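Computed from a predicted model, the values in this text were never measured in an experiment.
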Amino acid sequence: MIRRLMVANRGEIARRVFRTCRELGVETVAVFAGDDADAPHVAEADHAVRLHGDRPAETYLDGAAVVVAALRAGADAVHPGYGFLSENAAFARAVLDAGLTWVGPGPDAIAAMGAKIEAKRLMAGAGVPVLPSLTFPAAVSEAEEDARGLTYPVLVKASAGGGGRGMRVVRDPDELAGAVQAAGREALAAFGDGTVFAEPLLEHARHVEVQIVADRHGTVWTLGERECSIQRRHQKVVEETPSPGISERVRATLLDAAVRAATAIGYVGAGTVEFLVAGDTVAFLEMNTRLQVEHPVTECVYGVDLVRLQLEIAEGVRLPAAPPAPSGHAIEVRLYAEDPARDWRPQSGTLHLLEIPGVDARFGRPPLERGLRLDSGVESGSVIGVRYDPMLAKVIAWGPERAAVARRLAGALARARIHGLTTNRDLLVSVLRHDAFLAGDTDTGFLTRHDLTAPPPRVPLFALAAALAAAAANRAAAPVLGGLPSGWRNVPSQPQRVAFDGPAGRVEVAYRLTRDGLSAEGLPDVRLVSAAPDLVVLEVDGVQARFTVASHPGEVDVDAPQGSVRLVPLPRLPEPVARVAPGSLLAPMPGTVLRVEVAAGARVAAGQPILILEAMKMEHSVRAPATGVVSALNVAPGRQVEAGAVLAVIEEPA
Amino acid sequence: MPRGEAAGAVTATGRGGAVGAIESRLDTAGAEYQARRAAMLAKLGELAAEHAKAVAGGGEKYVERHHRRGKLLARERIELLLDPDSPFLELSPLAAWGTDFPVGASVVTGIGVVEGVECVIIASDPTVRGGASNPWTLRKTLRAMDIALENRLPLVNLVESGGADLQTQKEIFIPGGRIFRDLTRLSAAGVPTIALVFGNSTAGGAYIPGMSDHVVMVKERAKVFLAGPPLVKVATGEDADDESLGGAEMHARVSGLADHLAADEHDALRIGRRVIARLNLRKAPGTGSVRPPRFDEEELLGIVPEDLKVPFDPREVIARLVDASEFDEVKPLYGPSLVTGWATLHGHPIGVLANAQGVLFSEEAQKAAQFIQLANRSGTPLLFLQNTTGYMVGKEYEQGGIIKHGAMMINAVSNSAVPHLTVVMGASYGAGNYGMCGRAYDPRFLFSWPSAKSAVMGPAQLAGVLSIVGRAAAEARGQTYDEQADAAMRQMVEAQIEAESLPFFLSGRLYDDGVIDPRDTRTVLGLCLSATGGAPSPARTGFGVFRM
């Protein structure tokens, strides 16, 4: 029996495992890096051990340190969560060698599936359908490509790891070498293994995966399939079960292939076998030897607690012969702090408020036959840093019927109050309300094919609401004359003016409050019904709308049924700022300097890369805007920079 | 007017409402109310038009030129200086009305809140003849400075003025010295003075920053010197430029006249706000929630009759001014032509004296004298609501001692030490103007409604007196009185007196602090009461000998 379990992970998955532990009476141990000291997963654990170091490689990715932490905290079992060390066979072995229970498949099974190239070979042997592939480093010759049956476009992938890291689509043979090089570099940095391979890119394919649970006694369950076709940058955004668009024949093929895969490697525990499905074609992608991010949809529909099953299997418990029967439909969305309009750029900063209405359960199946589940690693006030995945929460809706579930989930997201960071919320709502999605017409190109930009909210109206709420707050806080009418003038000359930085740039509000009511420049059809510091009711063209206003340090967030708008109040009387020297190269986002390509004093040509910045999982190259001389170089590799930091200055010759 | 006529439709004691709450009898559906309201709205329309002239400053061309130079208008500067959404009471906006000078007198003055502190703000309007001072500018400025001193409100000067209008220098030069004297007296009295210099502040004007406690100058814009390059050249033969004689950089780095060098106008206003925030002048928080009147202030438009000979009940006004319409009347049955009583307004305790029947008799005068003494005992500010035709005349009243009693009231008003606020709602004739704390009696603030009229007597009465005197003179000379000429004379005199008793004319001459919308009265008084609250009432020095 497991007595004290350590989760070698952070964020929502750590909290997810802890919830089951509490239910089972198992004590919990968290590990954390310094920047997670105030994280919810640390606060919720019975014991917590700090991992020393800054970069993930020194903390959550340092297997030896994590094992030491487990021993120090007196844990007798380790759950790896997903990501980090979850698919690291050496780590699993180290845990076992330390005499601890490893909650997961054996190291050999992990290793077998970890190297994707080997895995494909193994699977092909077991009768699982696979795509042809070409491995690098290898001589890239046309003959070899032809021999492998490689047809363009191809997808270049890292053999180790997953999560889309290093993946690149190549449509032209000339680009292959460059893509292989870049992917290899990224893979080496992320996984310590630069091996990459290429396989034909199946376009317009669905990503469908099968949930496996296998015990130590030979029983292998399949808990249906999950469709995770809606992806951006090869990362899943919307997942559901069952898949809305596969035939029973394909489903049977998938389940059968999944069982073959698991059996072939003697798999134990919860795992996922991923496939691409195009029409009747099924192709094995990879097997994830761990719990998946999207496991909640399976838990809802099958009524199981996958973490509990993982722990019980690790304890040697025997599974019943047949898995439970499915019930209803479940959809999960991943709410990310990222900007879909700017190439999904990850966002960092303080999450001032995260409030999703109507949540029935957290980290567990809703009690009724329908409902809303929230799995989130953060809370209002959490700081989202640049070191980790910017996922804020998973929101899962479950019910008897798919369309109703999608509507429920879209409604909850639309009414959610998320302050402090740009998120993909609006995009998720658009997906869930899109006709093609509702028709089950989903494949991995969904987000590129459909224009999902939501109609922008009427920002001036939101800004007006923010201004009127601020006026109410100003009046309430006034040390003198607070009882007098807001902005009263006996000789009116001009309106009150407030400016914000809004989603589309500067927005100015000019309003007057007189005995005849509100007059707002540019908004003649708006009438003020009531204004309080946190709620403004406006009548717009005869229809009342309630604007909830929240003021946070440096920003005001306005939520209304028509949408949500984040505004940064601009000071009326700004302090004069030191001007940025012309030719300065600013960090486009927070990140880490990966490489510096030039030296100070060097002569550079327009467009020449000056340095490479790594932000989240992307490499961004910062290039010279013009030909000139590098007159200042303020950073070195490894240096963390904030958005807007001056990285270098290129002086143009006079 | 017959004595003893009942004060009328309104009583201040229990009629089903809250104790002490006024019951209104105003018939807002009636034709009389509607007619009065229509007349008042018409006058307010004229007032708005006059205010618009002041706001327009030097007109479109000069405003555009000023903006093009990257400069803010006087009122824009003020708006940016004030706390967002806080009220601002502009003072004397009609100054110079009816004179040869533009309405507003090329300066904006008022009371506003900066960093939670009530301040008097004076901003020259450089779009009007370069912000040059004329005699009305001077009077308006001095009035604002008086208000700052009396009420101990920090004074903020937003300076950009071309100095004195040289055509009128004879009216300005000698009396204008008071500005600098008062600046330093404010400082000596512990009332902070702040000068934000946006542009020219030369010659005499240089003493505005020179005499201020805190000085901010805008880089490359402020110009502060006693003499500019041409005069220096003439006087000493020295060649010098503007910047070295009086630039902001020079004053911040070399002369030390500027405490702060502002990058631009916005920066100057920002620094000005920081200076005020650091004055350590925050008042104790107010009394908390204030109950509004039970009756709509909108109805104040329909109370004053167009014909001021028709009396109206001031309790209808009080009911729409004071908190919860609660009014504890003193001596309601004695001297009923003057209503006296206690109330609170925006939480500030006040004593109210309001004319009810126009005429003041001996009883009313004695009642007022007693009430004023009571207010002085309790340190309660007094509000005078004027609608008076003066003290009663006639044999009976002269023999009854009306002069003695009027003198008693004037004595009490003159020597009362509590803050006085006066609102001229209707008539303000004769010595009634004095007894009811007219301008000469230095109320802390005095405002007029558009329906107000002030003169030594009514126009018809004055014309009538002239006619009688003329007729008597003619008869004494044995001449036949020219009735036709008399009629013409009466008409002319009446028209002239009427014009000179109107509020715009009087406001133009600084005989009030502004003509206000009756619906704004509660707000204006609330602001003024708060402003007066900063200054402790001076020690009571006692009254003159009351002639009994």
Side-chain angles (χ1 to χ4, degrees), chain A residues 463-464 466-500 508-521 528 531-533 536 549 551 556 569-579, chain B residues 48 51-52 54-55 73 75-76 78-81 83-91 93 104 108 110 112-113 115-118 262-264 266-273 282-286 289-290 292 297-298 346-347 447 514-517 519-520 522-524 526-527 530-531 533-534:
Chain A
L464 174 64
L468 294 172
N474 284 342
R475 298 313 293 142
V480 290
L481 306 179
L484 268 55
S486 189
W488 177 85
R489 299 288 182 269
N490 59 328
V491 180
S493 65
Q494 57 206 289
Q496 296 283 327
R497 291 183 192 280
V498 179
F500 300 97
E508 282 188 46
V509 183
Y511 63 92
R512 282 200 67 213
L513 294 166
T514 66
R515 62 170 52 85
D516 299 324
L518 167 75
S519 64
E521 273 178 20
L528 175 63
V536 173
V549 182
S551 196
V556 181
L570 298 174
R572 291 194 307 168
L573 304 171
E575 285 192 48
V577 284
R579 274 222 194 115
Chain B
H51 282 166
V55 171
L73 300 177
R75 283 181 179 78
E76 289 170 340
I78 292 172
E79 292 286 344
L80 285 167
L81 181 69
D83 290 350
D85 306 299
S86 65
F88 180 65
L89 173 65
E90 197 174 316
L91 297 163
V108 184
V113 183
E115 291 285 355
V117 179
E118 291 148 314
D264 53 28
H266 285 79
D267 194 33
L269 293 161
R270 184 188 64 80
I271 295 169
R273 287 179 55 81
R282 286 245 171 168
K283 278 185 188 171
S289 71
V290 162
E297 62 191 6
E298 185 69 28
H346 275 293
F447 296 96
V515 180
I516 59 169
D517 185 328
R519 296 169 293 186
D520 283 339
R522 176 174 159 84
T523 299
V524 170
L527 189 148
S530 177

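Within the 4.5 angstrom heavy-atom criterion, only side-chain atoms of Glu298(B), from C-beta onward, approach chain A. In this structure, no portion of Pro571(A) lies under 4.5 Å from any heavy atom of chain B. Of the two parts of Ala471(A), the backbone and the side chain both hold a non-hydrogen atom closer than 4.5 Å to a non-hydrogen atom of chain B. Of the atoms belonging to Arg519(B), heavy atoms from both backbone and side chain fall under 4.5 Å from chain A. The contact between Arg515(A) and chain B is made entirely by side chain atoms (from C-beta outward), counting heavy-atom distances below 4.5 Å. Both the backbone and the side chain of Asp520(B) have a heavy atom closer than 4.5 Å to some heavy atom of chain A. Heavy atoms of Asn474(A) lying under 4.5 Å from chain B belong exclusively to its side chain. Using a 4.5 Å cut-off between heavy atoms, Pro84(B) contacts chain A through both its backbone and its side chain.
Distance check, rounded to the nearest 0.5 Å: CD1 of Ile516(B) to OG1 of Thr523(B) gives 9.0 Å. The OG atom of Ser530(B) sits 3.5 Å away from the CD atom of Glu118(B) when rounded to the nearest 0.5 Å. Within the model, atoms CG of Leu89(B) and CZ of Phe447(B) stand 4.5 Å from one another, a figure rounded to the nearest 0.5 Å. Remark: Glu575(A) CD to Leu573(A) CG distance equals 10.5 Å, nearest 0.5 Å. A distance of 8.0 Å separates CD1 in Ile78(B) from OG in Ser493(A), rounded to the nearest 0.5 Å.
Options Val55(B), Asp267(B), Val113(B), Leu80(B) differ in how many heavy-atom pairs under 4.5 Å they form with chain A, and the most are formed by Leu80(B). Chain A forms the most heavy-atom pairs under 4.5 Å with one residue out of Arg522(B), Glu297(B), His266(B), Arg270(B), and that residue is Arg270(B).
A side chain to side chain donor-acceptor pair (under 3.5 Å) with Arg489(A) is found for one member of Glu79(B), Glu90(B), His51(B) and no other, namely Glu79(B).
Taking the side chain as every heavy atom from C-beta outward, Phe88(B) and Leu481(A) never approach each other to under 4.5 Å.
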